[in-house]
Amino acid sequence: MVSFTPTDDQQLLVETINRYALNDLRKHAHDADESGATPANVIQAGWQMGLVPSAIPEELGGLGELSAVTGVLAAEALAFGDLSATLEIMTPALVAYPVALYGTAEQRESLLPLFLEEKAPRVSAALLEPGVFFDPHNLQATISEDGLLNGVKAYVPLAEGASHLLVYASSAHNEQIEAYIVPGDAPGVVIEKRELLMGIKALPTYRVRFNDVRVDAAARLGGAVGIDYQRLLDRMNVALAALAVGVARASFEYARDYAKQRVQFGKPIAQNQAIAFMLAEMAIDIDSARLMTWEAAVKLDAGQDATRESYLARQFADQMVLKACDHGVQILGGYGFIREYPAERWLRNGRGFPSFTGLAMV
Amino acid sequence: MTINFEIPEFIQQQTQMIKWVAESTMRTVARDLDEREHERPTAFVETMWPIVRDQQASALAKLHGTTTEPTEKRERPSTRVLGLMLLIEMLSWGDAGIYLCLPNPSLAGAAIESVGTTEQKMRLLQRFAEGDKPVWGGMAITEPGAGSDNSSMSTTAVFNEETNEWVLNGEKIFITNGKLALEESNGLVIVWATVNKAAGRAGIKSFVVEAGTPGVSIGKVEIKHGIRASDTVSIVFNDARIPADNILGSAEVQASKESKGFQGAMATFDASRPLVAASALGIGRASIEFVKEKLAEHGVTIPYNLPYHKLTAIQRDVLEMEAQWQAVYLLTLRAVVMIDQKQPNSLEASMCKAKAGKAITFITQKAVELLGPMGYTREWLVEKWMRDGKINGIYEGTDQINTLIVARRILGYSRHELA
């Protein structure tokens with residue numbers, strides 16, 4: 001039966017997140033962007049909403065609710081508040097979800113309890129690589145047959161001080177992408193200086209080098225079976241599309257409210273079709289992207305092939321969020337360009353989505 | 001409740017059956033009927049009439065309270081408009097012009113359903129539920145001087161108390177199936193007219209004009225860019241007299257600023273706009289499928305996992321066509337499900353319609369471009385799909401009017417505040 005209504009539990013969760021996003025995330029977003037860090041207590045409050053812990057299997061103490069639909073609903077609501085903080089809160093999921101989905105019994109038992117602690121574990125995942133032609137299916141990082149990991153990763157969130165890194169690399173012997181759980185302090189792991197990005201400035205990301213890092217067979221996620229890499233990429237695409245919807249909606253709602261109160265030539269500028277039509281198109285494309293994201297997430301939860309839906313949702317959302325954030329700045333005019341107002345921050349954050357592969361997962 | 005996009009099994013089965021109709025009675029004659037404008041798609045009409053008629057009969061039986069449907073079926077949530085959406089999508093995949101020739105009450109039915117009394121529904125819709133000869137309905141709103149601004153229409157309706165009749169005068173244009181409804185079958189057309197020009201919107205009422213009404217004549221039969229299998233006509237009313245009880249809604253001119261009658265009439269757009277979007281989806285899907293099929297013959301396939309720099313320009317275009325289609329599909333699905341759930345959907349209806357008009361134009365124009373010199377020939381149907389597709393951004397409110405409605409809704413503005 002076709003329905004667009006989330007479950008009662010999901011609605012409750014979204015309401016809770018909405019309050020947190022407005023009262024906490026949005027309130028600190030500007031200063032966090034300028035200073036390069038979201039206050040730890042704000043992140044901690046986000047972690048305590050329990051999104052990642054509830055996804056941990058029941059037999060290990062979680063609620064066993066790893067749902068892509070719940071994930072996209074939460075992602076949009078959080079990103080509406082602030083994208084940097086959302087990515088920071090969700091970084092543990094980059095390790096928790098792949099381990100929960102594909103980990104061997106030993107890997108699940110040793111790692112997943114970390115995510116049930118009061119404080120978020122400091123872990124991260126390394127997928128992106130520096131370079132113009134990054135292709136997730138053709139990673140330059142490699143695992144040699146004798147278990148040596150080599151390569152450079154980029155946009156690794158919270159890498160400094162991380163106890164574990166989930167590293168994606170091309171396997172020399174079967175040309176597949178594999179994932180390895182690498183201790184953050186393993187010999188040969190070099191966490192370089194924090195990266196300087198156009199946006200998501202409150203999220204610390206690092207370039208990480210792997211120089212002949214020795215990994216044993218037990219570190220290979222999923223053991224002999226390995227991972228369903230495309231499925232993980234699907235989950236990343238869906239998550240990023242949902243985050244893009246949240247950012248776009250923030251820009252849209254702010255511009256809408258501004259346009260209704262900003263008076264020029266004796267009337268609110270929203271009463272001009274030139275402005276009103278921009279807002280209408282933003283609203284239509286935001287709804288479109290959200291529905292595409294939901295559709296892909298439903299397929300993921302149903303265990304169906306969701307590669308096409310996830311990819312199209314991400315592609316659509318990547319373009320949509322840029323346009324929505326650009327319109328947001330444009331509608332605010334001069335104020336859109338001033339850092340005191342949030343519109344320019346959303347434009348900087350929104351532009352990044354095509355490059356954020358690997359930074360979020362549902 | 002939970003978020004779900006799965007189409008019920010019985011609707012999927014219905015859609016498969018309709019696909020057969022589309023392949024055997026529409027695709028086979030699509031080109032010929034486009035070239036020989038105004039000829040009738042006889043096989044399609046004959047195939048569809050018994051199906052449509054029997055559905056209408058069962059709907060009327062429910063109204064009479066004589067339905068034989070099991071209680072269980074009656075009590076489950078309605079999927080009527082969802083089924084209609086997918087029916088129209090598939091028929092338009094077959095051929096959008098021929099789809100419009102579907103013998104049914106069409107927009108007239110929607111108006112009578114939403115505004116008419118039970119007596120009117122039973123009296124006026126019975127003709128669509130019986131007989132061997134197909135019957136059509138139509139809707140007459142537009143005038144030469146009143147398009148999107150339909151409140152400025154000048155066709156008049158004057159009540160004659162002596163004969164207990166309404167007397168209509170004026171000219172209506174761009175009426176889909178007007179000729180089929182009034183000259184070639186025992187159908188009817190809903191006509192919007194003013195009973196008091198000075199009252200503006202409040203004076204506008206809708207009237208049911210039945211086939212055989214004296215003083216009604218078909219004027220011009222338009223020669224069009226696309227949907228050529230469908231007739232689009234003008235109707236002239238010259239002291240046309242219709243029974244007193246053929247007015248839909250109240251005859252009174254309300255003093256309030258926004259007339260309920262006019263709003264009621266406008267509400268039929270909330271139902272019809274998603275169905276126009278559904279038709280656009282059918283044409284769009286036909287175009288995308290055909291383009292992919294032809295590209296595949298030349299070794300070009302569409303990947304769903306490559307980064308931007310590894311895609312060719314053609315692959316990027318096709319992916320964009322598919323994404324736009326998917327957006328319209330989901331917006332339309334939402335708008336029709338809201339109708340089935342009896343929720344107000346004015347915003348969502350205009351959203352899907354505005355998006356559909358732009359998307360179908362983009363998709364079909366791209367399709368012609370991507371197939372090179374062959375895409376432009378009349379040997380293939382893509383050029384026709386481009387011409388057919390264009391109408392979806394025009395009728396039932398242009399893309400601009402629907403964008404304006406969306407803008408007013410999201411801003412909370414009246415038509416005075418945002419003109």
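Here A:Met1 is the residue among A:Glu309, A:Gln230, A:Arg256, A:Met1 with the most heavy-atom pairs under 4.5 Å with chain B. Comparing B:Ile7, B:Leu404, B:Ile405, B:Ile302 by how many heavy-atom pairs each has under 4.5 Å with chain A, the most go to B:Leu404. Top candidate by heavy-atom pairs under 4.5 Å with chain A, chosen from B:Leu333, B:Val406, B:Leu330, is B:Leu330. Your options are B:Met338, B:Gln400, B:Arg409, and the one with the most heavy-atom pairs under 4.5 Å with chain A is B:Gln400. The candidate from A:Gln319, A:Lys267, A:Gln10 with the greatest count of non-hydrogen atom pairs under 4.5 Å with chain B is A:Gln319. Most heavy-atom pairs under 4.5 Å with chain A: of the set B:Ala323, B:Pro8, B:Pro303, this distinction falls to B:Ala323. Contact count versus chain B (heavy atoms, under 4.5 Å) is highest, among A:Ala289, A:Ala270, A:Ala283, A:Ala313, for A:Ala270.
In this structure, chain A has heavy atoms under 4.5 Å from both the backbone and the side chain of B:Glu320. Using a 4.5 Å cut-off between heavy atoms, A:Phe252 touches chain B through its side chain atoms alone. There is no contact between A:Leu233 and chain B, counting heavy-atom distances below 4.5 Å. Of the atoms belonging to A:Asp234, not a single heavy atom falls under 4.5 Å from chain B. Contact of A:Asp285 with chain B is made through the side chain alone, with heavy-atom distances under 4.5 Å. Proximity to chain B (any heavy atom under 4.5 Å) is restricted, for A:Leu73, to the side chain, taken from C-beta onward. Looking at B:Ile11, there are no atoms closer than 4.5 Å to chain A (heavy atoms on both sides), in backbone or side chain. Only the side chain of A:Gln315 comes within contact range of chain B, with at least one heavy atom under 4.5 Å from a heavy atom of that chain. Of the two parts of B:Ala354, only the side chain, counted from C-beta on, holds a non-hydrogen atom closer than 4.5 Å to a non-hydrogen atom of chain A.
Of all heavy-atom pairs spanning A:Ala255 and A:Gly328, the tightest one is CB-CA, 4.1 Å.
Crowding of A:Gln304 atom CD: a count of heavy atoms from other residues, nucleotides or ligands under 6.0 Å exceeding 12. Annotation: B:Arg80, atom CZ; neighbour count of heavy atoms from other residues, nucleotides and ligands within 6.0 Å does not exceed 12. Taking a 6.0 Å sphere around CD of A:Gln330, one finds it holds 12 or fewer heavy atoms contributed by other residues, nucleotides or ligands.
Taking the ring axis of A:Tyr258 as reference, the NZ or CZ atom of A:Arg262 does not stay both within 45° of it and closer than 6.0 Å to the ring centre. By the 6.0 Å and 45° rule, A:Lys260 stacks over the aromatic ring of B:Tyr413.
Judged purely by distance below 3.5 Å, without hydrogens or angles, the side chains of B:Lys390 and B:Gln365 never pair a donor atom with an acceptor atom.
Ring planes of B:His309 and A:Phe133: tilted class, angle from 30 to 60°. Between A:Tyr229 and A:Tyr168, the ring planes are tilted. Angles from 30° to 60° get that label.
Of the possible polar contacts, one joining the A:Ser3 side chain to the B:Thr2 backbone as a donor-acceptor pair under 3.5 Å is found.
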